Amino acid sequence: MSKNFLGIIPARMGSTRLPNKNNLKIGKTSLAEIAMLSALKSKMLNKIVLSSNDKSVLKTASKFSEIKCIKRPNNLANSKSKLTDVCKHVIRNVNKNFDYCVLLQVTSPLRTYKHIDEAIKKLLKSRATSLISVSLTDNNNKNYYYIKNKRIYRLHDNEKIKSKKFQFNGAIFIVKIDHLKKKNSFFINGKTLPFIMSKKVSIDIDYLYDLNKARILK
């Protein structure tokens, strides 16, 4: 039986570390539009929804008839809002049942449609409940994870392992919608499937430094 995948692009207005982040450009294309274009090129997404309170981003999305725009309510548009709650809000406002949601943040401009499709195919092959993209890390300020038996495990404080250390790179989150509704989480310790991406394409834009680096690599 085929599965239906709902692509969700969250684009909240009001970034403090990098003002107007959604609309900053790499070349002639904004970060928000780069995310939209990669989603539109995907052959595995059945529907694409933009969730935003940013008028400029909503205007950009209106150019694409294949993208459904949902105005994000204020209670889901602050710095403490959870992306899982944003996804559930989108799911309640689409008139079709989907099996999985695929979260695609605009802060990962080097993620391509090929990454999206490869991640979905990997999940389908394994029949996992969720998948999260990761990259190798040596950053002590990040949460560490390790991979064992082809699944992701959280590395607890003072736990010593010989395995390579990974971190979530923010590019792709996929989860069964039934699980998301029940647990309000993308991650299941020991059950989530990793999608390993190189450090080069794993830039997650929080600061101007990240944006400038992405501009060089794009």
Side-chain angles (χ1 to χ4, degrees), residues 3-24 30-40 42 44-62 64 66-109 111 113 115-116 119-120 123 129-134 143 167-188 192 195 204-206 210:
K3 302 295 183 180
N4 290 319
F5 290 84
L6 172 64
I8 300 175
I9 301 172
R12 180 182 68 86
M13 181 177 64
S15 172
T16 55
R17 286 179 290 192
L18 191 55
N20 197 34
K21 179 164 60 178
N22 299 323
N23 301 293
L24 296 178
S30 70
L31 295 180
E33 188 168 3
I34 289 171
M36 295 177 208
L37 292 171
S38 64
L40 287 168
S42 167
M44 303 299 292
L45 295 175
N46 300 98
K47 189 177 185 67
I48 302 165
V49 177
L50 171 78
S51 170
S52 183
N53 64 330
D54 188 323
K55 291 182 180 179
S56 295
V57 173
L58 291 166
K59 183 177 179 180
T60 298
S62 68
F64 305 107
E66 305 96 323
I67 297 179
K68 176 179 176 65
C69 296
I70 293 179
K71 178 72 183 302
R72 192 185 301 189
N74 290 335
N75 66 309
L76 292 177
N78 60 70
S79 60
K80 295 183 180 179
S81 300
K82 293 182 178 180
L83 287 173
T84 49
D85 291 329
V86 172
C87 288
K88 289 194 292 184
H89 176 260
V90 168
I91 291 164
R92 290 194 297 270
N93 285 274
V94 293
N95 298 318
K96 186 177 178 181
N97 291 324
F98 293 88
D99 300 291
Y100 291 87
C101 75
V102 182
L103 181 72
L104 304 169
Q105 298 192 90
V106 302
T107 49
S108 298
R111 172 202 57 231
Y113 75 94
H115 294 126
I116 299 169
I120 292 174
L123 180 140
T129 298
S130 66
L131 174 149
I132 296 177
S133 59
V134 299
N143 291 320
Q167 67 188 43
F168 298 164
N169 69 356
I172 303 170
F173 296 83
I174 309 176
V175 65
K176 278 186 177 179
I177 287 176
D178 287 346
H179 174 82
L180 180 67
K181 289 178 177 178
K182 291 176 183 177
K183 301 296 184 179
N184 201 37
S185 177
F186 299 109
F187 177 65
I188 314 166
T192 294
F195 182 71
D204 186 13
I205 295 178
D206 280 326
D210 303 317

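Everything quoted here is computed from the prediction, not taken from an experiment.
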Once rounded to the nearest 0.5 Å, what's the spacing between atom [atom1] of [X] and atom [atom2] of [Y]?
X     : Y      : atom1 : atom2 : answer
Glu33 : Leu50  : CD    : CG    : 11.5 Å
Lys59 : Cys69  : NZ    : SG    : 13.0 Å
Asn46 : Phe5   : CG    : CZ    : 8.0 Å
Lys3  : Lys176 : NZ    : NZ    : 6.0 Å
Lys21 : Asp210 : NZ    : CG    : 9.0 Å
Ser30 : Leu37  : OG    : CG    : 8.5 Å

Steps toward side-chain contact (heavy atoms from CB on, under 4.5 Å) verdict (Lys47, Asn95): CA-CA 11 Å; Lys47 189 177 185 67; Asn95 298 318; over 6 Å; no

What heavy-atom pair brings [X] and [Y] nearest, and what distance separates the two atoms?
X      : Y      : result
Ala119 : Leu131 : O-CD1, 3.4 Å
Cys87  : Leu180 : CB-CD2, 3.8 Å
Phe98  : Ile177 : O-CD1, 3.4 Å
Leu45  : Ala39  : CD1-O, 3.8 Å
Ser108 : Ala171 : OG-CA, 3.3 Å
Pro10  : Gln105 : CD-CA, 4.2 Å

Just by distance, do the side chain of [X] and the backbone of [Y] share a donor-acceptor pair under 3.5 Å?
X     : Y     : result
Thr60 : Ser56 : yes
Asn93 : His89 : yes
Ser52 : Ala11 : yes

Exercise: do Asp204 and Thr107 side chains pair donor with acceptor under 3.5 Å: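 Per modelled atom types, Asp204 and Thr107 side chains form a pair under 3.5 Å.
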
Check the angle between the aromatic planes of Phe173 and Phe186 and answer parallel, tilted or perpendicular using the 30° and 60° thresholds.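 Answer is tilted, since the angle falls between 30° and 60°.
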
Tell me, please, which residues at least two apart from Arg92 pass salt bridge (charged side-chain N to carboxylate O under 4.0 Å, His left out).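 Once residues adjacent in sequence are excluded, Arg92 has no partner under the salt bridge (charged side-chain N to carboxylate O under 4.0 Å, His left out) criterion.
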
With Ile48, the side-chain contact (heavy atoms from CB on, under 4.5 Å) member among Ile8, Leu6, Ile9: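 Checked Ile8, Leu6, Ile9 against Ile48; only one passes side-chain contact (heavy atoms from CB on, under 4.5 Å): Ile9.
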
Under the criterion side-chain contact (heavy atoms from CB on, under 4.5 Å), which of Val175, Asn169, Leu103, Thr192 is the partner of Ile132?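 Between Ile132 and the candidates, side-chain contact (heavy atoms from CB on, under 4.5 Å) is satisfied uniquely by Thr192.
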
Heavy-atom check, side chain of [X] versus side chain of [Y], under 4.5 Å:
X      : Y      : answer
Ile174 : Val102 : yes
Tyr100 : Met44  : no
Leu104 : Ile172 : yes
Lys181 : Ile91  : yes
Arg12  : Asn53  : yes
Arg111 : Ile34  : no
Pro109 : Ile205 : yes

Just jot down the side chain to side chain donor-acceptor pair (under 3.5 Å) partners of Ser51, sequence neighbours excluded, or say none.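 Only Arg72 meet the side chain to side chain donor-acceptor pair (under 3.5 Å) criterion with Ser51.
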
For Lys88, enumerate each residue passing the side chain to side chain donor-acceptor pair (under 3.5 Å) test, keeping only those at least two apart in sequence or located in another chain.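 So Lys88 forms a side chain to side chain donor-acceptor pair (under 3.5 Å) with Asn184.
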
Any chance [atom1] of [X] has more than 12 other-residue heavy atoms, nucleotides or ligands included, within less than 6.0 Å?
X      : atom1 : answer
Asn75  : CG    : yes
Tyr113 : OH    : no
Asn97  : CG    : no

